[in-house]
Amino acid sequence: MKRVLVAEDEQNIREFVVINLERAGYEIIEAETGDQALELYDRGGGHFDVVLLDIMMPGAHDGLAVCRELRSRNPSIGIILLTAKTQEMDKVSGLMMGADDYVTKPFSPSELVARVDAVYRRVALAAEQSESGRRDEVKSGVFTLNLRDRSFSKAGVPIELTQVEFQIMEYFLDNPGLALARGDILRHVWGPSYVGEEKIVDVNIRRLRMKVEDEPSNPQHITTVWGLGYRWKG
């Protein structure tokens, strides 16, 4: 069963999310606060595929704090933020903390389900590839991307990546030296039906640079192709 944890303090919005995701075939566990979300996550043994987090929730842990905590516990889980149009900086902060995507309120049932489906497919694909026993590795200079256990390392030192970051790195290493447009990265990683903004690519690139570059402010491996996108140099 596809399992989703929904944390939203506004009952009408939470019920809207739950009804539509259940109709789409997901098993839903509900939380009203960030603290309760963490409790339910632990109680469920962390066996969730996707977590939806409202950014503004009462208690010691708001959505951003829960996002940071869950990502530190489980790099593979899918995380989607529920945000308001006025929370622009919070969206960026959430993505920098490891969220895979965000949905801006108000949203339609079709948009909600499409976003959750996209993140779920990414999580399921990663699990399937890990269980298939693939031993494929992709190397680029001192970097190694292991497609079997979904790991990444630099000169033998492990670097923890989210599923989104892993897919971006896989795309880069499959296309070394090529200028990749933001739109191409968006379609490849988030899917052809994704309706979000290209800036989600830029935020994830910033996060990746902090992990792979010796000097993120002067990147040598993930370089910018002005007016187009990015290029990988091993």
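If you're wondering where the values come from, they're calculated on a predicted model, not measured in any experiment.
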>> Would you say that I77 contacts Y41 through its side chain, given a criterion of any heavy-atom pair below 4.5 Å between the two side chains?
In response: yes

>> For D100 and R71: C-alpha separation, side-chain torsions, deciding distance, then whether salt bridge (charged side-chain N to carboxylate O under 4.0 Å, His left out) applies.
In response: CA-CA 10 Å; D100 296 285; R71 183 56 74 207; 3.1 Å; yes

> Which heavy atom of A99 sits nearest a heavy atom of C67, and at what distance?
Replying inline: N-SG, 3.7 Å

> Are any side-chain N or O atoms of E213 and backbone N or O atoms of Q220, one a donor and one an acceptor, separated by less than 3.5 Å?
Replying inline: yes

> With sequence neighbours excluded, what pairs up with K91 under the side-chain contact (heavy atoms from CB on, under 4.5 Å) test?
Replying inline: T83, E88, Y102, T104

> Are T33 and D35 linked by a side-chain donor-acceptor pair shorter than 3.5 Å?
Replying inline: no

>> With a 3.5 Å distance limit and no angle check, can you tell me whether R231 reaches the backbone of L180 through a side-chain donor-acceptor pair?
In response: no

>> Donor-acceptor check, side chain of N175 to backbone of L178, threshold 3.5 angstrom: yes or no?
In response: no

> Can you find a pair of side-chain heavy atoms, one from N74 and one from F48, that are under 4.5 Å apart?
Replying inline: no

> Would you call L112 and L52 a side-chain contact if the rule is heavy atoms closer than 4.5 Å?
Replying inline: yes

> K211 side chain to E160 main-chain N or O, any donor-acceptor pair under 3.5 Å?
Replying inline: yes

> On the ring face of F143, is K154 found with NZ or CZ under 6.0 Å from the centre and within 45° of the axis?
Replying inline: no

>> Grouping I, L, V, M, F, W and Y whenever their side-chain heavy atoms are under 4.5 Å apart, do L81 and Y26 come out in a common cluster?
In response: no

> Which pairs count as salt bridge (Lys or Arg N to Asp or Glu O under 4.0 Å) when at least one residue sits in residues 49-63, sequence neighbours excluded?
Replying inline: D54-K105

Please list every donor-acceptor pair under 3.5 Å in which a side-chain atom of residues 13-23 meets a protein atom from a residue at least two apart or in another chain.
from	atom 1	to	atom 2	distance (Å)
R14	NE	E30	OE1	3.0
R14	NH1	E8	O	2.7
E15	OE2	Q11	NE2	2.8
N20	ND2	F16	O	2.7

> Going from CD on E198 to CZ on R187, what distance comes out if it is rounded to the nearest 0.5 angstrom?
Replying inline: 7.5 Å

>> Are V138 and T144 packed together at the side-chain level, in the sense that at least one heavy-atom pair is separated by less than 4.5 angstrom?
In response: no

>> Heavy-atom count check: over 12 atoms from other residues, nucleotides or ligands less than 6.0 Å from M96 CE?
In response: yes

> About how many Å separate CD of Q36 and CG of L5, when rounded to the nearest 0.5 Å?
Replying inline: 9.0 Å

>> Tell me whether W232 contacts the main-chain N or O of D174 through its side chain, where contact means a donor paired with an acceptor under 3.5 Å.
In response: no

> Mind checking whether L147 and F166 have side chains closer than 4.5 Å, heavy atoms only?
Replying inline: yes

> Are any of the side-chain heavy atoms of R206 and V92 separated by less than 4.5 Å?
Replying inline: yes

> Taking all atoms of both residues into account, what is the closest heavy-atom pair of A7 and A37, and its distance?
Replying inline: CB-CB, 3.8 Å

>> Distance to the ring centre below 6.0 angstrom and angle to the axis at most 45 degrees; does that hold for R115 and F107?
In response: no

> Is there a donor-acceptor pair closer than 3.5 Å between any side-chain N or O of R3 and the backbone N or O of V50?
Replying inline: no

>> Rounded to the nearest 0.5 Å, what separates atom CZ in F172 from atom NE2 in H188?
In response: 10.5 Å

> Would a 4.5 Å heavy-atom cut-off, applied to side chains only, mark Q167 and R150 as touching?
Replying inline: yes

> Only one of N204, T223, T224 forms a side chain to side chain donor-acceptor pair (under 3.5 Å) with R209, so which one is it?
Replying inline: T224

> Which pair of non-hydrogen atoms, one from M97 and one from L64, has the smallest distance, and what is that distance?
Replying inline: SD-O, 3.4 Å

> Side chains of D9 and P58: closer than 4.5 Å at any heavy-atom pair?
Replying inline: yes

